[in-house]
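Reading through the structure tokens given below for one structure.
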Amino acid sequence: MKDSGIEDVENSAPLPWLLGSSLQVAGNIVKASTQFVAERAKHVDVNMKGVHSVVEELTLEKLKEITSPRAYNKDLHFVDGGPLTVQYLLVVDALNFCFWPDEELEYEHLSLGVKASLERDPTVLDAERLMWISGDEVQALLGWPRKVPLQEERARLLREVGGALMQHFDGQAANMVRQAGGSALALVQLLAQVCPGFRDHAVYQGHQVFLYKRAQIFVGDVYGAFGGEGLGEFWDIDQLTMFADYRVPVVLRTMGVLRYSPELEQKGAILRGELIAAGSEEEVEVRACTVAAVEALREAIAAKYLGVPGAQLPHAIQLDWWLWELGERERKSHPPHHRTLTVYY
Ligand SMILES: Nc1nc2c(c(CN[C@H]3C=C[C@H](O)[C@@H]3O)cn2[C@@H]2O[C@H](COP(=O)(O)O)[C@@H](O)[C@H]2O)c(=O)[nH]1
């Protein structure tokens with residue numbers, strides 16, 4: 001095969017199979033598969049009138065804020081511009097799920113708790129230590145005064161990360177980023193391949209639906225923490241979708257962008273704070289329609305601001321950070337979010 005040069009490409013291009021795979025051709029499998037759900041959803045829908053009224057009110061000044069490098073909240077994180085930041089973000093995003101069973105526990109307790117531990121002991125996130133971490137050590141890592149929800153699961157997920165880093169990347173999360181060759185989608189796929197805990201998907205009406213929330217948020221965090229440069233430089237960062245959590249759907253509902261059926265909202269579990277099962281139609285539709293809603297917002301913003309001097313078209317992840325921070329600030333006045341016991345978000 002020498003004369004065809006394929007051998008050379010294989011040796012030089014990282015993960016060539018991804019470049020030609022459905023992942024690249026169909027863009028992001030999260031975008032494609034959540035669209036499949038949004039077109040059929042019974043309990044949730046994306047209200048295009050709501051989308052257009054939000055974009056109507058979106059000023060150029062607000063858009064500049066959303067697309068500025070400061071949109072990523074570095075104060076909440078350990079950011080030293082080096083590979084230890086990548087190790088830190090992978091650990092945080094391996095644990096970045098399901099805080100609500102503990103009324104007082106919020107995301108910042110996770111990110112700032114791990115940051116404080118790392119500043120006390122720079123070896124605390126070494127892969128060979130993560131491989132053996134216990135539930136009690138996870139509680140200590142966060143510096144939380146009591147057990148954290150799903151504590152033993154969180155320890156298992158960290159042990160999985162430690163083992164994968166030792167097996168494939170010489171213990172360094174930064175090596176995994178480098179192996180993705182500057183592609184955000186390839187890095188999402190690579191992380192989901194080596195760590196089953198990041199394979200956030202469901203089966204909906206017989207079709208596999210990918211949300212990949214923690215895998216995508218890890219890539220978004222690396223991009224944000226490094227300001228889109230060095231280890232954070234991804235040529236296809238605009239291909240990532242928003243991160244399907246439980247905070248942003250509430251924000252989109254208060255904006256009139258997302259609508260829930262009466263069964264789901266009034267009579268249903270949400271207002272009574274009952275659990276909605278992971279993988280149920282309701283849960284998958286809430287998450288998938290949230291992804292589709294942010295894509296619709298993004299397209300409507302592009303239609304309004306394409307070519308406008310000084311306007312930068314936002315990535316889905318920048319819209320996500322804007323909506324999530326808004327939801328965090330307003331969470332006391334917002335209606336309750338849906339409650340799913342899960343390791344995915
Ligand atoms: N969609 C989306 N979901 C996000 C985040 C973040 C972390 N954002 C920081 C990182 C960079 C940015 O600049 C932000 O400062 C956490 N979560 C999810 O929210 C839920 C936690 O909610 P609560 O219980 O209220 O703390 C839980 O599912 C968690 O996984 C985000 O950015 N987008």
Side-chain angles (χ1 to χ4, degrees), residues 24-28 30-32 34-35 38 46-77 79 81 85 177 180-188 216-245 247-258 289-330:
Q24 295 303 329
V25 171
N28 184 327
V30 173
K31 220 179 278 188
T34 51
Q35 192 51 38
V46 178
N47 172 24
M48 287 312 293
K49 272 182 56 215
V51 168
H52 291 300
S53 68
V54 167
V55 175
E56 276 302 298
E57 289 154 33
L58 188 71
T59 61
L60 179 57
E61 186 208 353
K62 184 65 189 170
L63 182 60
K64 285 181 176 175
E65 216 182 283
I66 289 170
T67 54
S68 96
R70 285 181 310 287
Y72 179 81
N73 185 338
K74 290 186 177 179
D75 300 340
L76 270 189
H77 300 94
V79 179
T85 294
V177 173
S183 164
L185 291 180
L187 183 52
V188 168
Q216 291 197 101
I217 207 171
F218 166 69
V219 182
D221 281 343
V222 173
Y223 168 77
F226 288 84
E229 290 167 7
L231 284 166
E233 186 175 354
F234 299 104
W235 49 270
D236 57 347
I237 194 69
D238 64 315
Q239 282 300 310
L240 292 190
T241 70
M242 67 79 62
F243 315 120
D245 73 319
R247 178 72 51 212
V248 173
V250 177
V251 178
L252 293 174
R253 274 177 61 219
T254 52
M255 290 175 160
V257 168
L258 217 49
C289 290
T290 299
V291 173
V294 173
E295 290 303 311
L297 280 170
R298 203 170 158 221
E299 279 155 30
I301 292 169
K304 176 177 177 184
Y305 279 106
L306 189 64
V308 170
Q312 242 187 320
L313 301 186
H315 303 316
I317 65 175
Q318 290 170 324
L319 292 176
D320 176 280
W321 289 333
W322 161 50
L323 294 166
W324 185 82
E325 301 273 354
L326 197 162
E328 279 300 288
R329 279 196 307 275
E330 310 287 335

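As the structure is a prediction and not an experimental result, all values here were calculated from the model.
- The distance from the CG atom of L240 to the CG atom of L187 is 9.0 Å, given to the nearest 0.5 Å.
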Can you check side-chain contact (heavy atoms from CB on, under 4.5 Å) on V54 and L252, steps first, answer last? CA-CA 10 Å; V54 167; L252 293 174; over 6 Å; no
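- The OG atom of S183 sits 9.5 Å away from atom CD1 of I237, with the distance rounded to the nearest 0.5 Å.
- Taking K62 as the reference, E65 meet the salt bridge (charged side-chain N to carboxylate O under 4.0 Å, His left out) condition, with sequence neighbours excluded.
- T241 pairs by the side chain to side chain donor-acceptor pair (under 3.5 Å) definition with Q216, not counting sequence neighbours.
- Of all heavy-atom pairs between A300 and V51, the closest is CB-CG1, 3.9 Å.
- A donor-acceptor pair under 3.5 Å is absent between the side-chain atoms of K74 and the main chain of V79, judged by distance alone.
- For the residue pair D236 and G182, the shortest heavy atom distance occurs at OD1-O, 3.9 Å.
- A distance of 5.0 Å separates CG in L58 from CD1 in I66, rounded to the nearest 0.5 Å.
- Scored by the side chain to side chain contact (heavy atoms under 4.5 Å, CB included) test, A292 finds Q35, A38, V46 as partners (sequence neighbours excluded).
- Pairs passing the salt bridge (charged side-chain N to carboxylate O under 4.0 Å, His left out) check and including a residue from residues 46-57, sequence neighbours excluded, do not occur.
- Between M242 and D245, the closest heavy-atom pair is CE-OD1, 4.4 Å.
- The minimum heavy-atom distance between P309 and L60, with the atom names listed, is O-CD2, 3.9 Å.
- With rounding to the nearest 0.5 Å, the separation of OG1 in T290 from CZ in R247 is 13.0 Å.
- Looking at K31, its side chain never comes within 3.5 Å of a backbone N or O of E295 through a donor-acceptor pair.
- You'll find the side chain of Y72 reaches within 4.5 Å of the side chain of D221, heavy atoms only.
- Shortest non-hydrogen contact noted between A225 and T85 is CB-CG2, 4.0 Å.
- Remark: E330 CD to T254 OG1 distance equals 8.0 Å, nearest 0.5 Å.
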Let me check something: any side-chain donor-acceptor pairs from residues 311-324 under 3.5 Å, sequence neighbours excluded? List them with distances.
unit_1	atom_1	unit_2	atom_2	d
Q318	OE1	H315	N	2.8
D320	OD2	F243	N	3.1

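- Smallest separation of non-hydrogen atoms from G256 and N47: O-ND2, 2.9 Å.
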